[in-house]
Participant: 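My structure is below; once you've seen it, I'll send some questions.
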Amino acid sequence: MKTMILMASILCLSMSFAACSDDNSPVITDKNLNETTTFFSSTEPNNYTTYYKPYVGYVGDPMPFFDPVSKEFRILYLQDDRDGNSTIYHPIHELATTDVANYISFREAIPCGTAVEDDPAIGTGSTVYDEATKTYYTFYTGHKATEPREVILLATSKDCKTWTKDRSFRLSAPIEAGYDKNEFRDPYVFYDATAQCYRMLVSALKNGDGYIIEFTSTNLHDWDLKPEPFFNNIWGRFYECPDVFQMGSYWYMVYSSQGTKNEPAVVQYFYAQTLEELKGIAVENGQFPTFVPHEGWLDGVSFYAGKTAGDDTNRYLWGWCPTREGQKTTGTKNWAGALVAHRLIQNGDGTLSLDVPQAISAKYSQSVTLTEKTKVGDVTVSTSSYTLKANSFVRFARLRNRNKITMTATIPEENEAVFGLSFVDCSDKAEKARIFIEDKYNFLKLKEVEVNEKTGEWNDAGAITERAITPATDNVYHIEVYTEESVCIVYINGRYAFTNRIYDLAKNPWAIFCTEGEVTVSDIKLSTY
């Protein structure tokens with residue numbers, strides 16, 4: 001027995017450190033791997049912590065709210081088990097967090113019904129707390145194969161942990177007003193103090209057009225349809241996961257546009273100075289209101305079903321970053337993935353920006369030494385900066401499982417540039433996953449491109465994901481990157497968030513690059529937790 005134990009110990013030391021060392025350390029399969037820049041195939045973990053993913057399954061549409069009793073953020077979400085069950089799926093699970101960087105799971109909160117009930121499958125909803133009755137109300141979507149396929153249902157709780165379905169409550173689509181009985185979902189309920197009533201917004205369909213319709217109630221049980229929809233358009237898109245809130249002196253509606261055959265599914269917003277003005281906004285003639293920049297996009301196309309919740313200090317936006325088919329960065333997006341949160345920033349003109357939650361930034365506190373590995377092309381090095389010109393890059397040593405990268409990029413006043421960060425940037429693998437910061441073209445893009453190791457020349461490939469930005473007026477870009485395994489979020493100037501899924505990012509080299517113009521990258525810092 002002692003001999004067997006000794007042999008096992010020797011094997012553990014001579015094989016991968018992964019079995020015997022901290023998870024943050026690169027997996028060592030031979031003693032020289034840390035000194036190499038060749039490709040290493042990372043293994044996706046079963047669970048995530050900062051960008052939460054349960055040990056089994058994935059996070060679907062989040063339904064966050066701030067609990068006035070416990071003073072916590074509660075995030076109910078649709079649990080996607082991917083178990084092949086096409087009838088009974090998406091029970092609601094529940095999380096709690098006080099800092100948006102660490103989560104406690106309460107597991108299943110609201111189970112699916114049986115195949116003959118209204119909710120064998122569950123869709124998005126929302127939660128409110130009624131102070132008068134000391135009761136939590138969660139309104140959610142019941143979905144089934146037979147008609148009407150979708151109805152609004154209710155579960156209640158006294159402690160926000162144990163939920164009971166109220167089978168006496170059932171709200172169906174108002175077919176007498178012309179709405180489709182099968183497309184009626186995603187109830188969002190909030191209290192309007194001015195009107196002294198609760199308002200419920202529901203995503204609906206009428207004559208092939210997407211609407212958000214409105215009901216009102218004074219008791220959370222009896223709901224009256226308002227004659228005019230809350231929001232309508234002529235684009236033919238379906239608007240999911242509506243969320244309305246007041247922030248400062250403005251009212252906002254955040255929603256997820258389901259997209260069309262030619263347009264992506266994204267999270268967008270409108271805003272106005274009053275709730276009535278917000279309700280009066282309509283998209284007509286295919287034109288998005290010009291007062292909302294970049295058509296109201298709040299992230300890229302790898303962030304969906306975003307909904308918000310706020311305490312007395314901050315408001316956050318939660319959505320999910322999808323996994324991709326075959327665990328390939330270029331693979332087709334799956335439904336559900338990891339939970340991602342951004343901090344909402346209100347600008348002076350009422351527009352919204354996104355930044356990293358402060359607790360996430362503080363969590364990545366362990367400094368990591370930045371080790372340069374390779375320079376290609378026209379690169380000038382000073383004490384704390386690199387100046388790169390077209391078709392140049394600087395490669396650094398392998399990343400950890402969880403990484404924070406910060407840097408400042410400055411463009412000469414007379415120039416426009418295209419530059420960025422490259423991941424899975426391996427010397428024996430032409431394909432790199434590059435985040436392009438296109439100061440010249442007003443975009444952030446993720447592309448998988450082939451790069452010549454000797455010349456730095458690269459082939460232009462179509463973007464996997466992208467979003468529009470406004471170039472920095474002072475030519476300075478403050479960049480923060482947060483990664484956990486294959487989830488990668490880039491923040492630019494505390495204004496833009498760009499969420500992506502980049503497989504094999506962990507434990508492989510990374511780089512900075514320039515493809516057009518010139519850029520000086522300074523104060524590069526790397527940390528983990």
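Basis for what follows: all heavy atoms, side chains included, without hydrogens, waters or symmetry-related copies.
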Participant: Would you tell me whether Tyr140 and Asp119 have side-chain atoms, one donor and one acceptor, within less than 3.5 Å of each other?
Facilitator: yes
Participant: Does the pair Thr323 and Arg82 meet the rule for a side chain to side chain donor-acceptor pair (under 3.5 Å), with working shown?
Facilitator: CA-CA 12 Å; Thr323 57; Arg82 298 187 188 172; 2.9 Å; yes
Participant: Check the pair Glu94 / Arg74 against salt bridge (charged side-chain N to carboxylate O under 4.0 Å, His left out), numbers first and verdict last.
Facilitator: CA-CA 7 Å; Glu94 184 175 353; Arg74 300 297 182 106; 3.0 Å; yes
Participant: Quick one: does any side-chain atom of Glu485 pair with a main-chain N or O of Pro45 as donor and acceptor, under 3.5 Å?
Facilitator: no
Participant: Picking from Tyr269, Trp297, Phe270, what satisfies ring-ring contact (aromatic ring centres under 6.0 Å, His included) with Tyr255?
Facilitator: Phe270
Participant: Do Val481 and Ile489 make a side-chain contact, defined as non-hydrogen atoms from C-beta onward lying under 4.5 Å apart?
Facilitator: no
Participant: Checking Gln79 side chain against His93 main chain: does a donor-acceptor pair fall under 3.5 Å?
Facilitator: no
Participant: Flag the pair Asp243 / Phe190 as yes when at least one side-chain heavy-atom distance between them is below 4.5 Å, and no otherwise.
Facilitator: no
Participant: Ignoring hydrogens and geometry, is there a side-chain-to-backbone donor-acceptor pair from Asp425 to Pro509 under 3.5 Å?
Facilitator: no
Participant: Among Asp186, Ile92, Leu76, find the one that has a side-chain contact (heavy atoms from CB on, under 4.5 Å) with Thr124.
Facilitator: Asp186
Participant: Is the positively charged end of Arg434 above the ring of Phe513, judged by distance under 6.0 angstrom from the centroid and angle within 45° of the axis?
Facilitator: yes
Participant: Could you walk me through whether Phe436 and Tyr441 pass ring-ring contact (aromatic ring centres under 6.0 Å, His included), step by step?
Facilitator: CA-CA 10 Å; Phe436 286 79; Tyr441 304 111; over 10 Å; no
Participant: Go through Arg501 and Val487 one step at a time and tell me if the side chain to side chain contact (heavy atoms under 4.5 Å, CB included) criterion holds.
Facilitator: CA-CA 5 Å; Arg501 178 76 67 168; Val487 171; 3.6 Å; yes
Participant: Is there a donor-acceptor contact under 3.5 Å from the side chain of Ser126 to the main chain of Pro187?
Facilitator: yes
Participant: What heavy-atom pair brings Gln196 and Tyr191 nearest, and what distance separates the two atoms?
Facilitator: CA-OH, 3.3 Å
Participant: Strictly by modelled atom types, are Thr49 and Tyr529 linked by a side-chain donor-acceptor pair under 3.5 Å?
Facilitator: yes
Participant: In terms of side-chain heavy atoms, does Ser361 have a donor or acceptor partner in Lys404 at a distance below 3.5 Å?
Facilitator: yes
Participant: Do Leu505 and Asn403 have side chains that approach each other closer than 4.5 Å (heavy atoms only, starting at C-beta)?
Facilitator: yes
Participant: Verify, without hydrogens or angle tests, whether Asn442 (side chain) and Thr470 (backbone) share a donor-acceptor contact under 3.5 angstrom.
Facilitator: no
Participant: Just how far is it from atom OG1 of Thr127 to atom OH of Tyr136, taken to the nearest 0.5 Å?
Facilitator: 10.0 Å
Participant: Could you tell me whether a side-chain N or O of Asn500 sits under 3.5 Å from a main-chain N or O of Ile502, the two making a donor and an acceptor?
Facilitator: no
Participant: Checking the side chain of Asp474 only, and the main-chain atoms of Val476 only, is there a donor and an acceptor separated by less than 3.5 Å?
Facilitator: yes
Participant: Is it possible for you to check whether Arg324 lies under 6.0 Å from the centre of the six-membered ring of Tyr503, through NZ or CZ, and within 45° of that ring's axis?
Facilitator: no
Participant: Ignoring hydrogens and geometry, is there a side-chain-to-backbone donor-acceptor pair from Thr499 to Cys321 under 3.5 Å?
Facilitator: no
Participant: Mind checking whether Trp320 and Tyr304 have parallel, tilted or perpendicular rings, split at 30° and 60°?
Facilitator: perpendicular
Participant: The criterion is salt bridge (Lys or Arg N to Asp or Glu O under 4.0 Å); which residues satisfy it with Glu448, sequence neighbours excluded?
Facilitator: none
Participant: Looking just at side-chain N and O atoms, do Glu44 and Ser486 make a donor-acceptor pair shorter than 3.5 Å?
Facilitator: yes
Participant: Please tell me whether Tyr491 and Ser353 have a donor and an acceptor in their side chains that are separated by less than 3.5 angstrom.
Facilitator: no
Participant: My understanding is that only residues two or more places apart in sequence, or in another chain, count here; which of them pass salt bridge (Lys or Arg N to Asp or Glu O under 4.0 Å) with Lys440?
Facilitator: Glu516
Participant: Give a yes or no on whether the backbone of Ile435 and the side-chain of Lys447 come within a donor-acceptor separation of less than 3.5 Å.
Facilitator: no
Participant: Just how far is it from atom CD1 of Ile411 to atom OG1 of Thr520, taken to the nearest 0.5 Å?
Facilitator: 9.5 Å
Participant: Say whether Thr162 and Ser157, considering side chains only, have a donor N or O and an acceptor N or O under 3.5 Å apart.
Facilitator: no
Participant: Among side-chain atoms of Thr135 and Lys158, is any donor-acceptor pair under 3.5 angstrom?
Facilitator: yes
Participant: ring-ring contact (aromatic ring centres under 6.0 Å, His included) for Phe73 and Trp318? Distances and angles first, verdict last.
Facilitator: CA-CA 11 Å; Phe73 289 101; Trp318 281 269; 5.5 Å; yes
Participant: If you round to the nearest 0.5 Å, how far is CG of Leu352 from CG of Leu317?
Facilitator: 9.0 Å
Participant: Going through the distances and angles, do Asn401 and Lys507 end up as a side chain to side chain contact (heavy atoms under 4.5 Å, CB included)?
Facilitator: CA-CA 6 Å; Asn401 293 70; Lys507 299 170 184 166; 3.0 Å; yes
Participant: State, yes or no, whether a side-chain contact exists between Ile479 and Val521 at a heavy-atom distance under 4.5 Å.
Facilitator: no
Participant: Passes side chain to side chain contact (heavy atoms under 4.5 Å, CB included), Phe230 versus Val202? Steps please.
Facilitator: CA-CA 9 Å; Phe230 191 94; Val202 182; over 6 Å; no
Participant: With rounding to the nearest 0.5 angstrom, report the OH to OG1 distance, Tyr477 to Thr408.
Facilitator: 13.0 Å
Participant: Mind checking the CG-CZ spacing from Asp439 to Phe419? Nearest 0.5 Å is all I need.
Facilitator: 6.5 Å
Participant: Establish, from distance only, whether the side-chain atoms of Thr164 and Asp166 form a donor-acceptor pair under 3.5 Å.
Facilitator: no
Participant: Above 12 or not: heavy atoms from other molecules or residues under 6.0 Å from NZ of Lys328?
Facilitator: no
Participant: Is the ring pair Tyr252/Tyr250 parallel, tilted or perpendicular, if the boundaries are 30 and 60 degrees?
Facilitator: tilted
Participant: With Lys71, which residues qualify under side chain to side chain contact (heavy atoms under 4.5 Å, CB included), at least two apart?
Facilitator: Phe66
Participant: To the nearest 0.5 angstrom, please state how far the CD1 atom of Ile110 sits from the CG atom of Leu78.
Facilitator: 10.0 Å
Participant: Assess the residue pair Val424 and Thr329 against the criterion (side chain to side chain contact (heavy atoms under 4.5 Å, CB included)); give the C-alpha distance rounded to whole Å, side-chain angles, the decisive distance to 0.1 Å, and a yes or no.
Facilitator: CA-CA 11 Å; Val424 202; Thr329 301; 5.9 Å; no
Participant: Run the salt bridge (charged side-chain N to carboxylate O under 4.0 Å, His left out) check on Asp99 and Lys363 step by step: do they pass?
Facilitator: CA-CA 10 Å; Asp99 62 5; Lys363 187 175 182 179; over 6 Å; no
Participant: Kindly assign one of parallel, tilted or perpendicular to the pair Tyr482 and Tyr364, based on the angle between their ring planes and the thresholds 30° and 60°.
Facilitator: perpendicular
Participant: Give a yes or no on whether the backbone of Phe40 and the side-chain of Asn508 come within a donor-acceptor separation of less than 3.5 Å.
Facilitator: yes
Participant: Tell me, please, whether Phe39 has Lys429 positioned over its six-membered ring: NZ or CZ under 6.0 Å from the ring centre and within 45 degrees of its axis?
Facilitator: yes
Participant: I'd like to know if the side chain of Arg315 pairs up with that of Thr308 as donor and acceptor (distance under 3.5 Å, no hydrogens or angles considered).
Facilitator: yes
